[in-house]
Amino acid sequence: MRIFIFLYLLVVPTLLFSQVKPAPKNNLDMNTEYSSITDTVKKKKAKIATIDQYKIVTLEHDTIYVDTSLTLKSAYKQNHLRKDLFGYQEFSNIGQPLNTLQYSLTSFSPYPEIGFSGKHFNYIQADQVRYYSAATPLTELFFNTTINKGQNVDSFITLNVSKNLNFSIAYRGLRSEGDYINQLVSAGNFRFTTSYATTSRRYAINAHYTFQDIMNEENGGITNDNNFESDNKDYKNRQRLQVYLTDAESMLKGRRIFFDHAFRVNPTEGNNNLYVTHQLNYENKSYEYKQPTVLSTVTDDNNVSTRIERFGDSYASSNINDKTRYERLYNKVGLAYENSLLGKFNFFVDDYRSNYEYEKIIIRTDSTAVPGNLFVHINNVGGQYEYQKNKWNGRFLYSRSITNQSLSDLDAKLRYDLNDDIKFDFRYRNINKLPNNNYNLYQSSWVSYNWSNSFKNEKINSLSAEIKTPWLTGQVQYTVLKDHLYFSDTLRTANVQIVTPLQYANTINYLEIKASREFKFGPFALDNTLLYQKVDQSDLVLNVPDFVTRNTFYYSGYFFKKALYMQTGLVFNYLTKYYGDDYNPVIAEFFVQQDKKIGGFATFDFFINARIRQTRFYLKAEHFNAAFTQSNYYATPNNPYRDFVLRFGLVWNFFQ
């Protein structure tokens with residue numbers, strides 16, 4: 001009820017003040033229409049900013065413009081990550097880890113990262129930060145309701161204090177209680193950016209600072225699937241379902257200072273230009289897992305309770321507190337030559353240093369030691385070539401280590417634009433990457449969660465092609481994985497979960513075919529996305545569903561003399577059954593299991609999206625069919641997917 005009241009109070013006043021003659025296209029001046037009728041002094045006409053004067057720039061210097069339109073694709077991004085989540089399976093609460101359904105969404109870096117990948121879905125990486133140029137101050141306010149108590153906000157303001165200098169400040173905050181015991185999520189992502197360029201653009205810099213903290217209460221999943229799947233109305237109150245952990249929590253914190261700048265050697269820009277480039281990325285992180293109560297209570301179908309240690313034997317009888325610290329410094333210095341006919345050549349050398357550490361050294365019962373830190377120092381040399389001419393656009397990168405580590409990265413991208421509507425993209429990627437640090441070293445109060453390894457590098461070869469047309473968007477990717485690293489439940493006991501890192505000796509072949517097509521029938525439309533995946537492997541190591549589909553049938557149209565634009569319809573999601581990975585909160589990683597298949601269920605969402613000027617409203621009844629179907633929907637074998645929930649959100653842009 002409070003959602004409808006809030007929506008009424010917000011929408012009605014906006015409608016009352018929207019019955020005016022529409023402003024010309026690309027006119028962002030919101031004040032000229034409301035001059036007083038008693039004014040007798042003729043005012044000087046204000047300059048009007050156009051939409052192409054509000055730019056968003058990526059790390060690779062690709063530029064897009066601020067978009068205030070309401071489309072189905074923008075509605076798909078109305079979530080806490082602000083991106084389309086097709087190919088991911090959400091848990092029951094917002095802000096929990098995402099189970100990856102589409103393997104090609106996995107990102108790779110040749111350098112070793114801290115690991116704990118399950119905690120990094122909410123973590124904003126350096127290449128995800130955006131920089132701005134705005135003719136006038138620009139503000140965006142994002143709001144979304146969550147599960148039970150809490151809210152999700154993401155707001156930023158950017159302004160140019162001069163033509164050449166821009167600042168932006170942004171904060172994303174998430175707090176969601178969830179439906180189950182010990183499931184609270186609380187996260188904050190602060191970002192500050194600045195961009196500067198001299199008038200002649202002889203010198204230019206993009207820089208940012210971030211501080212992020214992501215806290216998840218960890219309940220380890222439900223202990224009895226039969227209670228969840230039963231028709232017993234008592235268990236429809238999810239707080240009545242027993243979970244493995246009632247007071248555990250995990251925390252990821254990170255700070256980053258980043259800048260990327262370039263200086264042109266020749267004073268005046270011409271057909272031949274020479275640049276000196278430099279990029280710095282300093283980041284420190286920490287991952288902490290706390291579990292005050294070591295023993296978990298499990299009750300079987302006969303109502304018999306047993307006290308167990310969920311993760312095996314422990315060195316501590318209570319108040320487990322495991323903390324991993326990580327520090328990284330990356331410098332890259334390059335020399336770039338740009339020719340108006342040949343393209344741009346960039347040759348560079350980089351220096352990567354990281355320290356992954358604990359406060360102690362552990363001596364195991366077999367007299368082997370688990371060291372207290374893992375220090376990595378790598379130097380690479382490489383080159384990048386960029387070409388853009390007529391209908392062709394390409395970027396080719398190759399780097400290789402010159403230190404003891406065997407490390408290399410070949411990334412070739414090519415685009416051909418047949419015309420404005422038809423585009424072809426090709427990419428080949430060959431990576432020889434070092435393992436993430438938590439594969440080679442981890443310490444914990446849980447006895448079995450202590451290891452020191454020296455795994456081989458992972459080898460990843462990937463070839464992909466994509467076509468975009470007004471009729472169809474299609475993507476094909478073929479990937480070959482060698483020396484693949486993964487986590488597995490080695491004990492395979494019902495209530496005890498002991499996970500260890502392993503390396504697969506055989507080759508894995510992965511094929512993906514993805515197609516999207518929208519059919520329109522007047523004001524009605526049917527948007528379809530279908531994903532097919534095939535994995536060729538000797539053992540069940542890389543597990544993904546064969547088919548994933550999303551189909552949206554909706555109506556769109558204008559109302560109130562075109563002051564209001566609205567979309568409403570149904571979203572259907574389905575994935576086939578498969579041995580979905582489970583999640584372990586101690587190491588914040590998904591792991592391979594072969595005991596229970598998940599998937600094979602459908603979800604229906606009903607939505608109403610509306611736009612009034614630069615304000616977009618979103619009302620969504622998620623998974624409403626859960627109210628009258630069996631509870632057989634899981635995100636992992638022990639973590640159910642979300643029940644029916646009604647959520648409201650908005651995005652509001654201000655051009656001042």
Side-chain angles (χ1 to χ4, degrees), residues 25-26 50-77 83-84 86-87 102-105 107 127 130 271 336 338-346 383-398 409-430 461-479 510-522 524-534 548-552 554 556:
K25 187 176 181 180
N26 291 338
T50 55
I51 196 66
D52 59 356
Q53 293 178 283
Y54 297 86
K55 300 177 182 179
I56 303 174
V57 183
T58 68
L59 178 61
E60 294 183 336
H61 306 291
D62 295 326
T63 302
I64 58 176
Y65 302 114
V66 172
D67 185 7
T68 61
S69 63
L70 175 65
T71 64
L72 190 63
K73 289 181 173 56
S74 67
Y76 288 148
K77 299 178 182 180
K83 71 177 185 179
D84 190 347
F86 179 85
Q102 182 181 343
Y103 181 72
S104 64
L105 296 176
S107 60
D127 59 354
R130 299 294 180 254
N271 293 329
E338 183 181 48
N339 180 276
S340 57
L341 180 63
L342 299 177
K344 187 174 183 179
F345 302 85
N346 185 12
Q384 180 172 294
Y385 173 63
E386 298 177 41
Y387 178 81
Q388 185 171 356
K389 192 75 171 181
N390 297 327
K391 298 181 179 182
W392 293 95
N393 187 334
R395 181 180 288 139
F396 310 93
L397 167 72
Y398 179 74
D409 185 11
L410 171 62
D411 190 2
K413 300 178 184 178
L414 184 65
R415 165 173 284 190
Y416 177 72
D417 297 338
L418 183 63
N419 51 47
D420 292 340
D421 297 324
I422 301 177
K423 305 177 189 297
F424 299 88
D425 284 279
F426 306 93
R427 185 180 187 184
Y428 174 70
R429 190 87 188 268
N430 185 323
N461 275 279
S462 178
L463 179 65
S464 64
E466 183 176 5
I467 180 173
K468 295 181 180 179
T469 72
W471 315 281
L472 177 73
T473 298
Q475 177 182 326
V476 178
Q477 178 168 318
Y478 181 71
T479 304
Y510 167 80
L511 173 66
E512 169 197 312
I513 301 174
K514 183 179 178 181
S516 301
R517 171 72 192 271
E518 183 176 65
F519 300 92
K520 291 189 175 181
F521 320 93
F524 296 95
L526 177 63
D527 182 74
N528 306 279
T529 301
L530 176 65
L531 171 68
Y532 169 74
Q533 300 174 106
K534 180 67 175 177
V548 182
T549 184
R550 178 178 65 194
N551 310 93
T552 304
Y554 67 102
S556 57

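Scope of the values below: all heavy atoms of this structure, side chains included, with no hydrogens, waters or symmetry mates.
At a threshold of 4.5 Å between non-hydrogen side-chain atoms, the residues Arg427 and Asp411 count as touching.
Contact record, Val57 with His61: CG1-CA, 3.9 Å, taken as the closest heavy-atom pair. The two atoms that bring Asp84 and Lys77 nearest to each other are N-CG, 3.6 Å, heavy atoms only. Closest non-hydrogen pair, Leu341 versus Asn339, comes out as N-OD1, 2.8 Å. Closest non-hydrogen pair, Phe86 versus Thr549, comes out as CE1-C, 4.1 Å. Minimum interatomic distance between Ser69 and Ser74 (heavy atoms only, all atoms of both residues): O-OG, 3.9 Å. Here the shortest heavy-atom pairing between Tyr65 and Asp52 reads CE2-O, 3.3 Å.
For the 3.5 Å distance criterion, the side chains of Glu466 and Ser464 fail to qualify, holding no donor opposite an acceptor. Under 3.5 Å, the side chains of Tyr103 and Thr479 contain no donor-acceptor pair of N or O atoms. Asn461 and Tyr478 form no side-chain donor-acceptor contact under 3.5 Å, judged by distance and modelled atom types alone.
Listed by chain and number, the residues in a ring-ring contact (aromatic ring centres under 6.0 Å, His included) with Tyr532 are Phe547 (sequence neighbours excluded). Residues meeting the salt bridge (charged side-chain N to carboxylate O under 4.0 Å, His left out) test with Asp67, sequence neighbours left out: none. For Ser104, the side chain to side chain donor-acceptor pair (under 3.5 Å) partners at least two apart in sequence or on another chain are Gln102, Glu512. Listed by chain and number, the residues in a salt bridge (charged side-chain N to carboxylate O under 4.0 Å, His left out) with Asp425 are Arg415 (sequence neighbours excluded).
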* Run the side chain to side chain contact (heavy atoms under 4.5 Å, CB included) check on Tyr76 and Asp527 step by step: do they pass? -> CA-CA 12 Å; Tyr76 288 148; Asp527 182 74; 3.1 Å; yes
* Trace of the side chain to side chain contact (heavy atoms under 4.5 Å, CB included) decision for Arg130 with Thr58 -> CA-CA 5 Å; Arg130 299 294 180 254; Thr58 68; 3.8 Å; yes
* To do: Start with the C-alpha gap between Asp409 and Arg429, add the side-chain angles, then the distance that decides, and say whether side chain to side chain contact (heavy atoms under 4.5 Å, CB included) holds.
  => CA-CA 8 Å; Asp409 185 11; Arg429 190 87 188 268; 3.1 Å; yes
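Crowding of Lys55 atom NZ: a count of heavy atoms from other residues, nucleotides or ligands under 6.0 Å not exceeding 12. Taking a 6.0 Å sphere around CG of Asp420, one finds it holds 12 or fewer heavy atoms contributed by other residues, nucleotides or ligands. Lys468 NZ: 12 or fewer foreign heavy atoms inside a 6.0 Å radius.
Put simply, CG on Asn551 and CG on Asn528 are 4.5 Å apart, with the number rounded to the nearest 0.5 Å. For the atom pair Leu530 CG and Arg550 CZ, the distance stands at 12.0 Å (nearest 0.5 Å). Separation of atoms CG (Leu463) and CG (Asn430) is listed at 11.0 Å; rounding is to 0.5 Å. With values rounded to the nearest 0.5 angstrom, Lys423 atom NZ is found 11.5 Å from Thr473 atom OG1.
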Below 3.5 Å, can you tabulate the donor-acceptor pairs from side chains in residues 387-396 to any protein atom, sequence neighbours excluded?
from: Lys391; atom 1: NZ; to: Leu418; atom 2: O; distance (Å): 3.2
from: Arg395; atom 1: NH1; to: Glu60; atom 2: OE1; distance (Å): 2.8

Name each donor-acceptor pair under 3.5 Å that joins a side chain in residues 513-521 to protein atoms two or more places apart or in another chain, with its distance.
from: Ser516; atom 1: OG; to: Thr529; atom 2: OG1; distance (Å): 3.4
from: Arg517; atom 1: NE; to: Trp471; atom 2: O; distance (Å): 2.7
from: Glu518; atom 1: OE2; to: Tyr554; atom 2: OH; distance (Å): 2.5

